[in-house]
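Notes follow once the structure below has been shown.
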Amino acid sequence: MKKTLLICMVTAALVCAFALPSLYAVDAPGDLVIKAPAGTKMTKEPVNFSHKGHAALDCKKCHHKWDGAGAIKKCDSEGCHIDTSKEGKSAPTSYYSAFHGKADNSCVGCHKAMKKDKAKTGPTKCSDCHPKK
Ligand code: HEC
Ligand code: HEC
Ligand code: HEC
């Protein structure tokens, strides 16, 4: 009886470990370096991003316009987060807000909200994401 229960639990754990990452047919790329759109004068160092470090999240949390099947677009695709102007910081198309806005799917928005809830999360300090030159 005890043994059957153990086998059930091990099987369930294995199913979770291997079935979840293949929820979608698209694979997440390895570690990325995110840079501002071509032509933008960057004031900060580019940011390292690891999909592995965020594997517990659903892809659609961040890739919020993705249909779950087709190609995944970059954040600064046409019609998306392309406004790099200072004035455009509060616009939905703002490039800056996509990564620092209050929404819980922006890098800083999510990390700050989780930090407030005392959960294990990523950095919230500028220099932890943008290494000093
Ligand atoms: C925590 C947020 C987050 C999660 C969760 C996430 N990604 Fe990403 N992903 C990103 C960011 C940021 C980029 C870089 C986008 C850019 O360069 O504009 C990216 C880029 C990609 C790219 C490359 C797009 C391109 O054309 O350069 C693919 C493919 C991708 N992700 C697939 C996935 C898949 C599949 C999952 C789920 C298993 C996933 N991502 C989960 C944030 C995330
Ligand atoms: C919806 C929530 C969420 C979003 C959005 C998110 N993160 Fe995170 N991030 C986390 C959590 C949770 C962890 C801690 C994971 C762990 O160590 O268990 C983390 C960890 C990190 C870490 C430290 C560990 C590692 O993977 O190197 C970095 C750096 C990081 N995030 C950068 C980013 C960047 C850059 C973005 C935006 C492109 C981003 N995160 C978006 C939740 C999020
Ligand atoms: C959780 C990670 C994270 C934190 C913390 C963070 N940023 Fe960013 N930031 C990003 C990402 C990702 C981008 C988009 C990639 C890029 O352009 O470097 C970005 C882009 C930028 C840009 C536009 C590109 C450029 O170089 O001019 C500025 C400005 C910026 N961040 C300033 C800040 C400042 C100031 C802080 C602290 C108040 C901060 N960031 C905190 C992740 C972060």
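These figures come from a predicted structure and were not determined experimentally. Order of appearance sets the numbers: ligands from 1, and atoms from 1 within every ligand.
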Of all the atoms in ligand 2, which lie at a distance below 4.0 Å from a heavy atom belonging to [X]?
{"X": "Lys61", "result": "1 (C)"}
{"X": "Asp104", "result": "1 (C)"}
{"X": "Gly53", "result": "15 (C), 26 (O)"}
{"X": "Asn105", "result": "5 (C)"}
{"X": "Met114", "result": "12 (C)"}

For Cys129, run the side chain to side chain contact (heavy atoms under 4.5 Å, CB included) check against Thr124, Val47, Ile34, Asn48 and tell me which one passes.
Val47
Sub-4.5 Å side-chain heavy-atom contact between [X] and [Y]:
{"X": "Asp104", "Y": "Lys61", "value": "yes"}
{"X": "His54", "Y": "Phe49", "value": "yes"}
{"X": "Lys132", "Y": "Glu45", "value": "no"}
{"X": "Pro37", "Y": "Thr84", "value": "yes"}

Examine distances only and state if a side-chain atom of [X] and a backbone atom of [Y] form a donor-acceptor pair shorter than 3.5 Å.
{"X": "Ser106", "Y": "Gly109", "answer": "yes"}
{"X": "Thr40", "Y": "Met42", "answer": "no"}
{"X": "Asp67", "Y": "Ala69", "answer": "yes"}
{"X": "His100", "Y": "Tyr96", "answer": "yes"}
{"X": "Ser77", "Y": "Cys80", "answer": "no"}

For [X], atoms of ligand 1 separated by under 4.0 Å from a heavy atom:
{"X": "Cys62", "result": "1 (C), 2 (C), 3 (C), 4 (C), 5 (C), 42 (C), 43 (C)"}
{"X": "Asp58", "result": "5 (C)"}
{"X": "Cys59", "result": "34 (C), 35 (C), 36 (C), 37 (C), 38 (C), 39 (C), 41 (C)"}
{"X": "Val26", "result": "35 (C)"}
{"X": "Pro29", "result": "21 (C), 22 (C), 23 (C), 28 (C), 29 (C), 30 (C), 31 (N), 32 (C)"}
{"X": "Ile72", "result": "24 (C), 26 (O), 30 (C), 32 (C), 33 (C)"}
{"X": "Leu57", "result": "1 (C), 5 (C)"}

Check if His63 has a non-hydrogen atom at a distance under 4.0 Å from any atom of ligand 1.
yes
Passes ring-ring contact (aromatic ring centres under 6.0 Å, His included), Phe99 versus His81? Steps please.
CA-CA 10 Å; Phe99 304 106; His81 303 287; 7.5 Å; no
If you take all heavy atoms of Ala91 and Ser97, which pair is closest and at what distance?
O-OG, 4.5 Å
Go ahead and list the nitrogen or oxygen contacts between ligand 3 and the protein that come in under 3.5 Å, distances to 0.1 Å, or just say none.
{"from": "ligand 3", "atom 1": "7 (N)", "to": "His100", "atom 2": "NE2", "distance (Å)": "2.7"}
{"from": "ligand 3", "atom 1": "7 (N)", "to": "His130", "atom 2": "NE2", "distance (Å)": "2.8"}
{"from": "ligand 3", "atom 1": "9 (N)", "to": "His100", "atom 2": "NE2", "distance (Å)": "2.8"}
{"from": "ligand 3", "atom 1": "9 (N)", "to": "His130", "atom 2": "NE2", "distance (Å)": "2.8"}
{"from": "ligand 3", "atom 1": "17 (O)", "to": "Ala36", "atom 2": "N", "distance (Å)": "3.2"}
{"from": "ligand 3", "atom 1": "17 (O)", "to": "Tyr95", "atom 2": "OH", "distance (Å)": "3.0"}
{"from": "ligand 3", "atom 1": "18 (O)", "to": "Ile34", "atom 2": "O", "distance (Å)": "3.4"}
{"from": "ligand 3", "atom 1": "26 (O)", "to": "Thr43", "atom 2": "N", "distance (Å)": "3.0"}
{"from": "ligand 3", "atom 1": "26 (O)", "to": "Lys44", "atom 2": "N", "distance (Å)": "2.8"}
{"from": "ligand 3", "atom 1": "26 (O)", "to": "Lys44", "atom 2": "O", "distance (Å)": "3.3"}
{"from": "ligand 3", "atom 1": "27 (O)", "to": "Thr43", "atom 2": "N", "distance (Å)": "2.8"}
{"from": "ligand 3", "atom 1": "27 (O)", "to": "Thr43", "atom 2": "OG1", "distance (Å)": "2.7"}
{"from": "ligand 3", "atom 1": "31 (N)", "to": "His100", "atom 2": "NE2", "distance (Å)": "2.9"}
{"from": "ligand 3", "atom 1": "31 (N)", "to": "His130", "atom 2": "NE2", "distance (Å)": "2.8"}
{"from": "ligand 3", "atom 1": "40 (N)", "to": "His100", "atom 2": "NE2", "distance (Å)": "2.8"}
{"from": "ligand 3", "atom 1": "40 (N)", "to": "His130", "atom 2": "NE2", "distance (Å)": "2.9"}

Per residue His51, nearest N, O or S atom to atom 8 (Fe) of ligand 1 is named NE2
Would Ile82 and Ile72 show up in the same hydrophobic cluster when neighbours are defined by side-chain heavy atoms closer than 4.5 Å?
no
Linked, directly or transitively: Trp66 and Leu32 (ILVMFWY side chains, under 4.5 Å)
no
Is there a polar contact between ligand 1 and Lys73, counting only N or O atoms under 3.5 Å apart?
no
Is any N or O atom of Lys120, backbone or side chain, closer than 3.5 Å to an N or O atom of ligand 2?
yes
